[in-house]
Amino acid sequence: MEEKNEAVEKTNFIYSMIREDLEQKALGKNPVHTRFPPEPNGYLHIGHAKAILLNYFIAKDFKGRFNLRFDDTNPIKEEQEFVDSIIEDIRWLGADWEGRLFFSSDYFETKYQFALRLIEAGYAYVCDLSPEEIRDYRGTLTEAGTESPYRNRPGAENLDLFDRMRKGEFPNGSRVLRAKIDMSSGNLNMRDPVIYRILHAHHHRTGDQWCIYPMYDFDHPFSDALEGITHSLCSIEYSDHRPLYDWIVDRAVELMPEVIKYRSRQTEFARLGMNYTVMSKRKLRRLVEENYVAGWDDPRLPTIAGLRRRGVTPEAIADFQQKTGVSRADSTADLALFEHCIRQDLETKAPRIMAVLDPIKVVITNWPASKTEMFEMENMPDNESAGKRQVPFSGTIFIERDDFMEEPPKNFFRLAPGREVRLKGAYIICCDKVIKDQSGSVTELHCTYDPQTRSGSDSSGKKVKGVIHWVTVEHAVYATVNLYDTLFSVENPEEAEEGNFTTLINPDSLLTIDNVPIEPSIREAHPGSRFQFMRKGYFYLEPERSTGGELVFNRIAQLRDSWAKAQK
RNA sequence: UGGGGCGUGGCCAAGCGGCAAGGCACGGGUCUUUGGAAUCCGCAUUCGUAGGUUCGAAUCCUACCGCCCCAGCCA
């Protein structure tokens, strides 16, 4: 019931359009049917996630269907490896295709038959022009093209040639099948587009069965119509292709009504851009191939695999998708919005724990030697059911280096000489002495605790503004922590020239810290779980790297930090 | 001088002739044993610009300006 309301509430133009289609019964008895059509030639990124989830949620909201269909019509660029990674990513995102996993190549024979009928009906012809000649004949943006000398080849000759193309009698590039449309169209896509080309190449699914392959503009609309896709969503740059899409679908309905399920329609929307990162396949590929990052799943990348490895949840991605909306205007989403979605999701999911990323030792001088006291701390504030844990406390602890200032400004609430601060869940301590090394940097703090201030039974009446986290030296468990920051130091690296966008890479995009002390309960953590390191951020215990008792955490997102912000 | 799109606050985005939703960001308050979270308040007399139609325009008309995409036998 909630789903129905959501569909009603969503205000983007595509939902409005579908609602109208439904009201006017424009779909007949067909259910709303969408699809995501990736080409298996690379990894999916967050921009794709927007498209995937948009299609998936439309199907879900309107009680329709969502297909996953690989657009695998170019064997030269496509590989099984990518099919696998794409399937894994989409499944992880939670977009369920309910068994409707298809490949364009599944319908190659049907498409071949359609091409035959196109030829028979005089809608297509075999053209012997070379690639260069085709380009020249196409004309320019402002000048009409010239008709191919082969355009009016007799039907029987076309059929014969096309048959021989399929049989492999001709080399790559020697001939193509073209749709006969309009060489003087202002839309270049309509100037007798190539719909089949000869490619003597091994296909990852059909093997060597074919040496001619359909082009996207021919294949895609036909596949949609075949599958009964009612709303074929794609990005803005395909707007120019819509007349051709319609042309193909119309011919398919005319010539192959027996296999066509629906007269599919294409609708375009703006794809998602995001600041401080790059989304173009070429740039992403360079980052990976030239080792600027550690692979397609490097947590600094906007790839689904990277986000997953970083620890981002699919729920946060879905929320982000909802919040960025859908329109036709070019847009660049703010990273801050994505981080907001991540924090909001993890706020109620990630148990709290204490870890000190940049430790400085504190000796509590009035603490009884060798005494250990246990404190009970809640795993989640405002959520009893998340349970509690025991945290040991003793005389030597680590605190965060920046939780101490020797000469603090008036609005600094943390530890400073002569000042008091509360150790989260434990006692209030006062800093008595600062120990430094030769160079003058602080190496150790001597403090005293006030026994009256025990957490939960404070009888001191003291009120301190600052609360800091800590970990005892004696009980600490050590981990490696990867602190990730934006991969680029400028807002729009995508705008930089291809040649030097790598110079904009943030030198501090990854800071790995070893031996980060964490409270001992972390030993019970399961790889793959997420925590909030109190006052620091959300961290993911990376399963791939946390093996054999080793702990490797990735920072997913920082907590908002109004103190740090005020410092700027 | 071709065709297709888009222009609403810093970033997204509703709105479709009746007097500018919402989110993020930002600023401020309350609360708080996370300077987290929560919560409250503020934040476009104005919708690329200029005209016009209308009692009334972001919404209709006209012109202009700016930005994006298209000349693969890629998708």
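Order of the sequence lines sets the chain letters (A, B, ...), proteins ahead of strands, with each chain counted from 1. Worth saying up front: this structure is predicted, and the values here are computed from it rather than measured. Any value given below was found using the heavy atoms of this structure, including those in side chains, with hydrogens, waters and symmetry copies removed.
In terms of phosphate contacts, A/Arg328 brings a side-chain nitrogen or oxygen within less than 4.0 Å of OP1 or OP2 of B/C6. A close approach under 4.0 Å does not occur between any side-chain nitrogen or oxygen of A/Arg242 and OP1 or OP2 of B/C70. A close approach under 4.0 Å does not occur between any side-chain nitrogen or oxygen of A/Thr332 and OP1 or OP2 of B/C11.
An anti orientation is assigned to B/G9, its glycosidic angle lying beyond 90° of 0.
Remark: B/A38 base-pairs with B/U30; criterion is Watson-Crick or G-U wobble with both hydrogen-bond distances under 3.5 Å. With a cut-off of 3.5 Å on both pairing distances, B/C74 has no Watson-Crick or G-U wobble partner at all. For B/A25, there is no paired base (Watson-Crick or G-U wobble, both distances below 3.5 Å). In this structure B/G66 sits in a base pair with B/C6, meeting the Watson-Crick or G-U test at under 3.5 Å.
Distance, A/Gln266 CD to B/A75 C1': 12 Å, rounded to whole Å. Put simply, CG on A/Asp330 is 16 Å from P on B/G48, counting in whole angstrom units.
Take A/Asn383 and apply the side-chain hydrogen bond (donor to acceptor under 3.5 Å, both in side chains) test, not counting sequence neighbours, and it matches A/Ser385. Residues meeting the salt bridge (charged side-chain N to carboxylate O under 4.0 Å, His left out) test with A/Glu237, sequence neighbours left out: A/Arg271. Residues passing the ring pair (Phe, Tyr, Trp, His ring centres under 6.0 Å) test with A/Phe222, sequence neighbours excluded: A/Phe114. Checked against ring pair (Phe, Tyr, Trp, His ring centres under 6.0 Å), A/Tyr125 has no partners two or more places apart in sequence or in another chain. Shown here are the ring pair (Phe, Tyr, Trp, His ring centres under 6.0 Å) partners of A/Tyr107, two or more places apart in sequence or in another chain: there are none. In this structure, the salt bridge (charged side-chain N to carboxylate O under 4.0 Å, His left out) partners of A/Asp246, at least two apart in sequence or on a different chain, are A/Arg265. A/Arg175 pairs by the salt bridge (charged side-chain N to carboxylate O under 4.0 Å, His left out) definition with A/Asp128, not counting sequence neighbours.
A heavy atom closer than 4.0 Å to some atom of RNA chain B occurs in no member of residues 218-225 of chain A. Of all the residues in residues 420-428 of chain A, A/Arg422, A/Lys424, A/Gly425 reach under 4.0 Å from RNA chain B with at least one non-hydrogen atom.
Contact annotation for A/Gly145: no contact, since no heavy-atom pair falls under 4.0 Å across all strands. A/Asp240 comes within 4.0 angstrom of a base, heavy atoms only. In this structure, A/Met215 reaches the sugar-phosphate backbone alone: every heavy-atom distance under 4.0 Å involves primed, P, OP1 or OP2 atoms, never a base. Using a 4.0 Å heavy-atom distance criterion, A/Leu129 is classed as a base contact. Using a 4.0 Å heavy-atom cutoff across all strands shown, A/Tyr538 reaches no nucleic acid atom at all. Nucleic acid contact for A/Asn172: none, since no nucleic acid atom lies under 4.0 Å from a heavy atom of the residue. Nucleic acid contact for A/Thr348: none, since no nucleic acid atom lies under 4.0 Å from a heavy atom of the residue.
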Before giving the answer on salt bridge (charged side-chain N to carboxylate O under 4.0 Å, His left out), spell out for A/Arg35 and A/Glu227 the whole-Å C-alpha distance, their side-chain angles and the decisive distance to 0.1 Å.
CA-CA 9 Å; A/Arg35 107 266 88 121; A/Glu227 291 180 8; over 6 Å; no
Set out, in order, the CA-CA distance, both residues' side-chain angles and the distance that settles salt bridge (charged side-chain N to carboxylate O under 4.0 Å, His left out) for A/Lys463 and A/Asp458, then state yes or no.
CA-CA 10 Å; A/Lys463 194 91 165 91; A/Asp458 190 326; over 6 Å; no
Shorter than 3.5 Å, N or O on both sides, protein versus nucleotides 28-32 of chain B: list them out with atom names.
none

Which pairs, protein N/O on one side and nucleotides 23-26 of chain B N/O on the other, fall under 3.5 Å?
| residue | atom | partner | partner atom | Å |
| --- | --- | --- | --- | --- |
| B/C24 | O2' | A/Leu337 | N | 3.4 |
| B/C26 | OP1 | A/Lys565 | NZ | 3.2 |
| B/C26 | OP2 | A/Arg560 | NH2 | 3.2 |
| B/C26 | OP2 | A/Lys565 | NZ | 3.4 |

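Among residue pairs with one or both ends in residues 165-197 of chain A, those qualifying as ring-ring contact (aromatic ring centres under 6.0 Å, His included) are A/Phe162-A/Tyr196, A/Tyr196-A/Phe218; sequence neighbours excluded.
Counted by atom type alone, A/Tyr449 and A/Glu420 present zero donor-acceptor pairs between their side chains at under 3.5 Å. Looking only at atom types and distance, the side chain of A/Glu494 has a donor-acceptor partner in the side chain of A/Ser280 under 3.5 Å away.
Taking OH of A/Tyr427 as the start and CD1 of A/Ile364 as the end, the distance is 10.0 Å to the nearest 0.5 Å. Distance check: A/Arg153 CZ to A/Arg178 CZ gives 11.0 Å after rounding to the nearest 0.5 Å.
A donor and an acceptor atom sit less than 3.5 Å apart, one in the side chain of A/Ser455 and one in the base of B/U33.
Of the candidates B/A14, B/G36, B/A71, B/A71 carries the atom nearest the A/Arg135 side chain, counting heavy atoms from C-beta on. With B/A75, B/G36, B/G7 as the choices, the nucleotide that has an atom nearest any side-chain atom of A/Ser562 turns out to be B/G36.
Seen from the ring of A/Tyr538, A/Lys349 does not count as a face-on cation partner, given the 6.0 Å and 45° thresholds.
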